[in-house]
Amino acid sequence: MRRPAVALAALVLALTGCAASTPPASDDDMNGTLTVYAAASLRASFDEVADAFTAQHPGVRISPVYDGSSTLATQIVEGAPADVFASADEATMAKVSELAPDPAVFATNTLVIVVPAGNPKKIASLADLSGVVTVLCAPEVPCGAASARLLEGAGVTVDAASLEQNVTAVLTKVAAGEADAGLVYATDVVGRDDVEAIVPEGSGAVVNRYEIATLTDAANPAAADAFVAFVLSDAGQRILADRGFGAP
């Protein structure tokens, strides 16, 4: 009788060991598509955030939409099917306040002068922008509003060659040599070797505070809340910091 008892005990121990080594099941309630509308300057960092988030919630598929914050805000007000909105400034988030009643600041950013690699026009300050081909964000876009404040503070007037609807378009034109200079966020030039950045005097006084919120008509509110929480978490903040964003 002892041998069957020993065998049974061994089987119980083996099954217990297997159960202990099995990873916990994922949250079955966290699934479906999550549509995230985010400022163009967040593309690189939010792509990385999305990868980290879906690693924790494999049932969720993130569908990001990147553009100028003001463009996205207009689309949201007009009924675009977004679950989360991440804006490059508080003023633009306020435009969707009825749909995003509880936004949270999750990052900060400042402006730099961007020039092609090698700085062929030898630009050193904001004053130099008035004598070269300069592109800026349109004034209704957060980077454009910040550019206007920065230039006004320096007493500099720039006749922009073009006014772009998002900061990525400004960076693209400078990198392609279609413009001598532009104003973009400090984070936009991180890791790039086709452009150079010059930190202008007074840039520390013009700070954009990025906000994020779950929208009240989100089709996937559970995943939206979890995504917002991840962005605000230590893990999300580390990703943003590595991409050059300042703390909230």
Side-chain angles (χ1 to χ4, degrees), residues 23-24 26-73 75-76 80-90 92-93 96 99-100 102-112 141-143 146 166-169 171-172 184-192 207-248:
S26 61
D27 185 351
D28 291 335
D29 293 333
M30 198 73 70
N31 53 44
T33 298
L34 177 67
T35 303
V36 177
Y37 275 37
S41 54
L42 291 167
R43 179 185 292 271
S45 56
F46 264 34
D47 281 351
E48 190 173 346
V49 165
D51 288 342
F53 179 81
T54 53
Q56 292 184 5
H57 305 286
V60 178
R61 185 180 71 84
I62 295 180
S63 177
V65 177
Y66 299 111
D67 207 333
S69 296
S70 59
T71 298
L72 296 175
Q75 292 173 355
I76 289 169
D83 297 302
V84 172
F85 180 38
S87 170
D89 69 354
E90 295 166 297
T92 305
M93 181 63 79
V96 300
L99 296 171
D102 192 27
V105 177
F106 67 95
T108 56
N109 216 343
T110 55
L111 294 173
V112 296
V141 180
C143 64
N166 61 64
V167 71
T168 302
L171 183 63
T172 298
V184 300
Y185 295 117
T187 55
D188 292 311
V189 298
V190 173
R192 308 258 320 209
V207 180
N208 275 37
R209 288 159 54 88
Y210 286 58
E211 287 194 320
I212 189 169
T214 295
L215 298 175
T216 55
D217 58 355
N220 196 344
D225 286 344
F227 183 85
V228 171
F230 184 86
V231 170
L232 296 170
S233 72
D234 290 344
Q237 290 295 298
R238 280 195 298 271
I239 292 172
L240 289 162
D242 288 345
R243 293 285 180 175
F245 285 93

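Side-chain atoms are counted along with the backbone in the values below, which use heavy atoms only and exclude waters and symmetry mates.
Taking all atoms of both residues into account, the shortest heavy-atom contact from L215 to A100 is CD2-CB, 3.8 Å. Taking both residues in full, the closest heavy atoms of N166 and G68 are given as CB-N, 3.5 Å, listed atom of the first, atom of the second, then distance. Residues M30 and A223 come closest through the heavy atom pair SD-CA, 3.5 Å. For the pair A82 and I76, the tightest heavy-atom approach, listed with the atom from each and the gap, is CB-CG1, 4.3 Å. Contact detail for A213 and M93: the closest heavy-atom pair is N-CE, 4.1 Å. Nearest heavy atoms, A40 versus Y66: CA-CB, 4.3 Å.
Formation of a donor-acceptor pair under 3.5 Å by the Q237 side chain with backbone atoms of F106 is found in this model.
To the nearest 0.5 Å, the span separating CG on D188 from OG1 on T172 amounts to 9.5 Å. To the nearest 0.5 Å, the span separating CZ on R243 from CG on N109 amounts to 13.0 Å. Rounded to the nearest 0.5 Å, atoms CG (D242) and OG1 (T187) are 13.0 Å apart. In this structure, N220 CG and D83 CG are separated by 5.5 Å, a value rounded to the nearest 0.5 Å. The line from OG1 of T35 to CZ of R61 is 7.5 Å long, rounded to the nearest 0.5 Å.
With a 4.5 Å cut-off on side-chain heavy atoms, L42 and V49 do not count as touching. Counting heavy atoms from C-beta on, the side chains of S45 and F245 come closer than 4.5 Å. In this structure, F227 and T214 have side chains that are not in contact, with every pair of non-hydrogen atoms separated by 4.5 Å or more. Residues V112 and Y185 have side chains not in contact (no heavy-atom distance under 4.5 Å, counting atoms from C-beta outward). By the 4.5 Å heavy-atom criterion applied to side chains, T33 and S63 are counted as neighbours.
Applying the salt bridge (Lys or Arg N to Asp or Glu O under 4.0 Å) rule to R192 yields the partners D194; only residues at least two apart in sequence or on another chain are considered.
In this structure, a donor-acceptor pair under 3.5 Å is absent between the side chains of D89 and N208. Side chain to side chain, S41 and Y210 meet the donor-acceptor criterion of an N or O pair below 3.5 Å.
The side chain to side chain contact (heavy atoms under 4.5 Å, CB included) test with S87 singles out one residue from I212, V96, T92, and that residue is T92.
Ring geometry for F230 versus F53: interplanar angle over 60°, hence perpendicular rather than tilted (30 to 60°).
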